[in-house]
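Proteins come first, then strands; the chains are lettered A, B, ... in the order of their sequence lines, and each starts at number 1.
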Protein chains: 4
Amino acid sequence: MASRENPAISLRKEPQQTRSRHLVDAVLEAAVRILNDEGSHAFTMARVAEKAGVSVGSLYQYFPNKQAVLFRLQTEEWQQTGTLIETALSDRSKRPDERLRVMIRLFFRSECEEAPFRRALDEALPLYRHTPEGEAQHRRSKKIMTDFIAEALPHASPVTRAFAADFVKTTITALGVRVSERPRKDIDAFAAATAEMLNGWLKRQG
Amino acid sequence: MASRENPAISLRKEPQQTRSRHLVDAVLEAAVRILNDEGSHAFTMARVAEKAGVSVGSLYQYFPNKQAVLFRLQTEEWQQTGTLIETALSDRSKRPDERLRVMIRLFFRSECEEAPFRRALDEALPLYRHTPEGEAQHRRSKKIMTDFIAEALPHASPVTRAFAADFVKTTITALGVRVSERPRKDIDAFAAATAEMLNGWLKRQG
Amino acid sequence: MASRENPAISLRKEPQQTRSRHLVDAVLEAAVRILNDEGSHAFTMARVAEKAGVSVGSLYQYFPNKQAVLFRLQTEEWQQTGTLIETALSDRSKRPDERLRVMIRLFFRSECEEAPFRRALDEALPLYRHTPEGEAQHRRSKKIMTDFIAEALPHASPVTRAFAADFVKTTITALGVRVSERPRKDIDAFAAATAEMLNGWLKRQG
Amino acid sequence: MASRENPAISLRKEPQQTRSRHLVDAVLEAAVRILNDEGSHAFTMARVAEKAGVSVGSLYQYFPNKQAVLFRLQTEEWQQTGTLIETALSDRSKRPDERLRVMIRLFFRSECEEAPFRRALDEALPLYRHTPEGEAQHRRSKKIMTDFIAEALPHASPVTRAFAADFVKTTITALGVRVSERPRKDIDAFAAATAEMLNGWLKRQG
DNA sequence: TATGAATGAGAGTTCATTCAT
DNA sequence: CATGAATGAACTCTCATTCAT
C-alpha cells in the first residue's frame, strides 16, 4: 500500500507469483546470511545477488535499490518483534510485572538472533525512519507500551504514564541491543535483572 | 607502545616532536568537525586532510589507515569519559546513590555531545575492540565500576557485586547511547529516572 | 522486401494481420509520445512496451531491436514530409517562387512539430542512412526537387540545375532543423526570409 | 572563472603545473580521437582514460563528470571558431560581401574538421547551453555578427538589422553543420553559393 | 619529510535482449 | 504467439592508498 507514496524504498513489484516470491525470499535469506557471516561491509548488491543465486538485474527487478533490501529486512524484523511484544504484554491472565518479565526475556532472546545484522540495518535506518512503514511501526509499538503502562500504573497521571511508557520502552530497547552483543549465556540473567529493575521503578511511579 | 602488537591500527610513529603533535591534533580536530558537521559519509581521508590543512601524505605518515583515525578518536573519547566517570564515582564526600546520580547526568550529557560521530565510531569499533588500548580502557572502566559497587553493596557477595557492576555499567552505557539520539530537553529527566531506577535496584541487591 | 538486405533494421515480419498492425501502430504512437513527453533518455524498450500496452516480447516480435523502432519512426516521418513537399512543389497552378514559399512554410512548421524527437532520431540515423528505405526516400526527395528546379530554372544547364537542387534542398533541410529548435513565433518570419533568399538566389542562377 | 558558479561542469582544478596540463591535453586529445575514430557510442570515461594513457581516477581529478569532458571540447571549439569568424568579419580592408564570403569558406572548412564529434557534442549540448561559458560564447558571436551587419546594412532599421544578424548567423551555422557531413569536395562550392545567396539577400534588406 | 597527483578495484545501477512458460 | 522474469555486460563515479618528486 505504500508503493505509491514511497517508491524509492518499497518493493518495485509485489511478488504474487510463486517464482517471484521465491526470488524475494532467496534474496532476503541471502542478505541475512551475508550480514551474519561476512559483515556489513560485504553487503553489496552483487554479493547478495550471487549468494541468492540470481542475477543483479533480477535483484533490481524487485528492490529498487540497496537500501530497499535492508529496509525489507528491518520491516520483517519489526513486525516479528512487534507481534512478540504485543502478545506478551497484553496477556491479561498474568499480572503486569510478570508480563513485563516474560516480554523482556523474549525480546532479549529475539534481539540476540538478529544481532549480527542489527548494525547494518541501523546504518540504513536513517533512510527509512520517516517512511510510512517506519512511522506505522513506531505508532504501533508506542500504543502497545502505552496500553500496558495504563494497566501497570492505573492511578498515575497521564504525564507520568507517558514518561513511563517512553522510559520503559527506551530502556528495554537500549539494553536489548547491548545484550545482543554479549555472550549468549548472560542473556537470561540480564533479562531478569532488567525486569526486576523496571518493575521496581514502575512500582515507585504508581 | 602498542605499535608492535597492533601495527595496523596504532599510530605509525609517536609524535614526540611539537610539529608532529600539532599535526595529529589538527587531524583529530578536523575529523571530529567533519563527523559532526558533514556526517560520516563525508568522512574521507582526503576531506580530513583538507580540513586539517595537511596533505594526504602527511596524514598517512601518522595514521596507517582510515580506521586508525577513528580509533584515535574513540580512544580519546574513552579517556575523557573514563575520567569523568571515575571522578564522579569516587567522590567519597557523597553517598553512593548521589554519586551515581551525578555520574549518570554527566555521562548522558557527555554522550549527547558526541552523538554525531558515535555512529561512525561504532562502525569502526569492531576493528579495534580487541586492541591493547581497547582492552586497557575496558579494564579501567571495569575497575572503576567494581570499586564503586563495592562501596554501594558492601555486604553483597563477590558474585552479586560482579554482576551488579556489569549490569549497571551496561544499563548506563546502553541508555547513554539511546538518550544521545533524542531531543536534548529529555536528557536530564532520563538521567534522573535512570539513576532512580538503578539506585532502587542496587538497594534491593544489597 | 528489404528484410534480406538489412534484416537488422527492417521489420521482422510484415504485419498483414489486423492485430499485428494495431500492435505496430500502438508501439509507434507510444514511441512518439515518449520522445515528446519524456525525452530521449526515457526511450527504453521497456518503457515503449509499457506505454504501448504490449509486452516486451511482443515488441521484439515486430521490431528486431531498438534501432528498428526509431527507424520506423524516421521512415514514417520521411514519408509524411515527402508527401508534403511533393504536394507543395508540384502545384502547377502557382509560380515556382510562390510554391517554394508555401513549401518552406509548411516544412518549417512540420519540422517544429517533430523537433522533440528529432534528436533521438538523429542519434540512430547513421544506422539506417544506407538502408534501402533510406535510399528510396533520398531518391524520391531528390526527384521532387529536381523536377521543381527544372521548372524554376528552365534555361539552366543540367549541371547548374543539379547543383541548385542539391543546394536548395540542403539549405531548406538545414534551416528546418535549426528553426525547429527556436521559439515558435520566429518560424514564419524565418520561413519567409528563407524563401525570399532562395528565390533571389535561384533567379540569379536562371 | 566560472568554476564557482558551475562546479558541475567546469574543470575540477585548474591545471597550472606542467604535468597536469599534459594530462588534460592528453585527455582532450584522446576524447577527440575516440569521437572521430570510434563514434560517440564508444565515448566512455573508461575508454577515454585508457586512450589518454591515464587512470579513470586521474580523469575524474580534472573533470568532474563525463559531460565536463564534452563541455571542454565544445568550449575549445567555440573559441577557435569564434576567433576565426571574428577575424574574418572585422577585416575592414575588404568590402562586407567579400568578408562574408571569406568567413563562410573558412567556417565551412573548420566545421568539416570537427564534423565527427559534432554529434557527440550536440548530444551533450543541452547540458551546458545555459552555463556561463555557453552564454558568454553566445553573446560574443552575437556581437560579432551584429557589428558586421551594422556595416553591411548601414541604412537599415535596428529591427531589420537584428533580424538579419539572427538569420544570417542561423543560416551559416545550419549549413555549416550540414555541409560538414557531406563529401569534402562540395564544400567550397557550397560556401560560395551560401555566400552569394546571403549577400544577395542582404543587399535586398539594405 | 612533505606533497598531492595518480591509481584502480569496486560500488550501485541500467537496460537491450533472450527464452522458459 | 504472447508474456515478462531473468540476464549480465557495461556504465559512471568514489576513495583508500601509494609513490615520484
First locate atom CG of C:L59, then atom CD of C:Q61, and finally report the distance between them rounded to the nearest 0.5 Å.
-> 10.0 Å
Distance below 4.0 Å between A:Y60 side-chain N/O and E:dT13 OP1 or OP2 | yes
To the nearest Å, give me how far apart CZ (A:R47) and P (E:dG12) are.
-> 13 Å
5'-most contact on DNA chain F: B:M45 or C:S55, nearest heavy atom basis?
-> C:S55
Rounded to the nearest angstrom, tell me the gap between atom CG in C:L70 and atom P in E:dA16.
-> 10 Å
Whole Å only: how far is the NE2 atom of D:H41 from the P atom of E:dC15?
-> 18 Å
By nearest-nucleotide position on DNA chain E, the 5'-leaning member of B:G53 and A:S58 is B:G53
Which range-with-range stems can be found for DNA chain E when each stem has 3 or more Watson-Crick or G-U pairs in a row and both distances sit under 3.5 Å?
-> E:2-21 with F:2-21
Interatomic spacing from CZ in B:F71 to CD in B:E76 - rounded to 0.5 Å = 10.5 Å
May I have the distance from D:Y62 (atom OH) to F:dT12 (atom C1'), rounded to whole angstrom?
-> 20 Å
Just do the side-chain contact (heavy atoms from CB on, under 4.5 Å) check on C:Y62 and C:V27 with the steps written out, would you?
-> CA-CA 10 Å; C:Y62 290 97; C:V27 166; over 6 Å; no
In whole angstroms, how far is the P atom of E:dA2 from the CD atom of B:E50?
-> 19 Å
Distance col, row C:R33:CZ vs C:N36:CG, nearest 0.5 angstrom, shows 10.0 Å
Atom-to-atom span, CD1 of C:I34 to C1' of E:dC15 - whole angstrom = 14 Å
When you match B:F43 and A:V56 each to their closest nucleotide on DNA chain F, which lands nearer the 5' end?
-> A:V56
Would you tabulate the side-chain donor-acceptor contacts of residues 43-53 of chain C under 3.5 Å, counting partners in other chains and residues two or more places apart, or write 'none'?
from: C:T44; atom 1: OG1; to: C:R47; atom 2: N; distance (Å): 3.1
from: C:R47; atom 1: NE; to: C:E38; atom 2: OE1; distance (Å): 2.9
from: C:R47; atom 1: NH1; to: C:E50; atom 2: OE1; distance (Å): 2.6
from: C:R47; atom 1: NH2; to: C:E38; atom 2: OE2; distance (Å): 3.0
from: C:K51; atom 1: NZ; to: C:E38; atom 2: OE2; distance (Å): 3.2

When you look at B:T75 and B:Q137, which way does the side-chain contact (heavy atoms from CB on, under 4.5 Å) test go after all the steps?
-> CA-CA 8 Å; B:T75 301; B:Q137 174 58 30; over 6 Å; no
Starting at CD of C:E77, measure out to CG of C:L73 and round the result to the nearest 0.5 Å.
-> 8.5 Å
Side-chain N,O (D:Q61) to OP1/OP2 (E:dG4) below 4.0 Å = no
Would you indicate, yes or no, if F:dC15 has its OP1 or OP2 atom less than 4.0 angstrom from a side-chain nitrogen or oxygen of B:T44?
-> no
Using the closest heavy atom to pick a nucleotide of DNA chain E for each, name whichever of A:G57 or A:A46 lands nearer the 5' end.
-> A:A46
Whole angstrom value for the distance that separates P of F:dT14 from NZ of A:K66 = 16 Å
Nearest whole angstrom, please: distance from the P of E:dT1 to the NE2 of B:H22.
-> 17 Å
